[in-house]
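Every chain is numbered from 1, with letters handed out A, B, ... down the list of sequences.
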There are 2 protein chains.
Amino acid sequence: MGESSRIAGQDGLRADARRNRRRILSAARLVFAEHGIDAPMATVARRAGVGVATLYRRFPTRDALVRAAFAHQMDTCARALTEALADPDPWQGFQQLVETVCELQREERGFPAAFVAAYPDSTREHARFGEQVERDFITLVRRAQAAGALRADLHPSDLAVALLAHCGLVTALPGDRAASRRLVAFLLQSFRAEAAHGALPAPSALSLRSLPLAAHGSQGQRSSGT
Amino acid sequence: MGESSRIAGQDGLRADARRNRRRILSAARLVFAEHGIDAPMATVARRAGVGVATLYRRFPTRDALVRAAFAHQMDTCARALTEALADPDPWQGFQQLVETVCELQREERGFPAAFVAAYPDSTREHARFGEQVERDFITLVRRAQAAGALRADLHPSDLAVALLAHCGLVTALPGDRAASRRLVAFLLQSFRAEAAHGALPAPSALSLRSLPLAAHGSQGQRSSGT
DNA sequence: GGTCAAGTGGACGATCTCGTCCGTTTGCCA
DNA sequence: TGGCAAACGGACGAGATCGTCCACTTGACC
């Protein structure tokens, strides 16, 4: 009988509210993949079979919806990372991780994994996620470098760069899996120790955790103040 | 005294109309680079110091404006290709071309070169452009491959893939030149003959000339006809 | 200089999206 | 079973963008 004496739901939601929340998230994934991240909120609501008010009550902003919609894909990425670390072959683990994440981007038309990259520690519930992911990823890189498989001058930010680029590709060419696979193959080959060939330019200051929100919608219209 | 007896302009436009056309194109480049390709047409008009009607009369659709605005950058790319072919060192020429085009994408926030890739033969005046560019580019690739510098399994479509990916990167991170340069360096290294390491997946059907228009604005909302 | 069509610009109606408000319904607990 | 607060959904006003229309201006040719 603490503060809210009523309501039994495990997350404080009534049963129908919880069901609608799930419906909304499911619809959001479909609609965002089909019409892009800027699809009208009303479309998501209609697809989910709920009113717009219900949608806005649960997710006050579009960002909140997007983050929540793709949270489970963040989990998929985190799982892939864990598996990669568990792989006895460091290079194999690294390669598997990159391919898994890119496949996710490819199948979901680039939106989800773009947000895995762009909002790693955005929501409170995923705050630890971002830090842990970054730590684990650095471990993965160091291990593969120590094994002599991954080039020594690869910087962790290079994965963020590669993922954003791949995301751009699959967004531009939603249907072209060959292009995506081809790019991934090239990138992975250039990450191998043998590919190192002269000095690289300085790495980006980008981090897996701190990508600017500019990576959002179309082209950042909404970020310009003035 | 043919059909239109009046009007002397070399392109059939009156002097003031030609001046306004130039102003519009100049403003469009600025506005598109600053606010993205979806910036309101009225913003372009205001920036150009003309009314919206003038803008719409000259460029009935947004696409027409975009194509025209970046036509001169297509020319820059074509020039870079010519220079690349003139380079005595085939690899040097290839590398220079990629770097020049990517620098163009980087400096103009990805829009121009995205369109170099996406609309190569779109306007009637550039119809030959697309074919010639593709022919020349294939020549460049074959030559560098024959010299043993470029990997033999590189397909011409791979450049389109790489450019689209790079375009996605600079669009997502407009300010981050290091990231762009880093990606270009990795891609170029993976294009070298020494980097070849096992079989690649099948190349994309993509061609420099026939990229789908899906590569346009935000996420293809407008492409779904139904 | 005069004529007239090409050119101009701003207002305007249509369309779309957002996010809120409010009367009604429904699940949960006693 | 009854009561109440949570949840619901559709309507609605505000704001933005699109593309057109039309009355006025200006440049080219005689």
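Rounded to an integer number of Å, the gap from A:Arg46 CZ to D:dC8 P is 18 Å. A:Leu55 places its CG atom 14 Å from the C1' atom of D:dG10, with the value rounded to the nearest Å. For the pair A:Asp11 CG and C:dC28 P, the computed distance is 12 Å after rounding to whole Å. Atom-to-atom, CG of A:Asp16 to P of D:dA7 comes out at 7 Å; the value is rounded to the nearest Å. Straight-line distance from the CZ atom of A:Arg19 to the C1' atom of C:dC28: 14 Å, rounded to whole Å. Per the geometry, CZ belonging to B:Phe59 stands 11 Å off P belonging to C:dT8, to the nearest Å.
Every residue two or more places apart in sequence or in another chain was checked for a salt bridge (Lys or Arg N to Asp or Glu O under 4.0 Å) with A:Asp136, and none qualifies. With sequence neighbours left out, A:Arg47 forms a salt bridge (Lys or Arg N to Asp or Glu O under 4.0 Å) with A:Glu34. Residues that satisfy the salt bridge (Lys or Arg N to Asp or Glu O under 4.0 Å) test with B:Arg29, not counting sequence neighbours, are absent from this structure.
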Donor-acceptor pairs under 3.5 Å, side chain of residues 162-169 of chain A to any protein atom, not counting sequence neighbours: which ones?
unit_1   : atom_1 : unit_2   : atom_2 : d
A:His166 : ND1    : A:Gln105 : OE1    : 2.3
A:His166 : NE2    : A:Ser180 : OG     : 2.7

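Comparing C:dG9, C:dG7, D:dC8 by their closest approach to the side chain of B:Arg58 singles out C:dG7. Side-chain proximity of B:Arg14 to C:dG27, D:dG9, D:dA28: nearest is D:dA28.
Counting heavy atoms from C-beta on, the side chains of B:Val44 and B:Leu65 come closer than 4.5 Å.
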B/S/- contact track for nucleotides 12-23 of chain C, protein heavy atom under 4.0 Å: -----SSBBB--

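Phosphate contact (OP1/OP2 of C:dG9, side-chain N/O of B:Thr54, threshold under 4.0 Å): present. Distances shorter than 4.0 Å separate some side-chain N or O of A:Asn20 from OP1 or OP2 on D:dC8.
Sorted by first and then second residue, the salt bridge (charged side-chain N to carboxylate O under 4.0 Å, His left out) pairs involving residues 172-184 of chain B (not counting sequence neighbours) are A:Asp158-B:Arg182, B:Glu107-B:Arg177.
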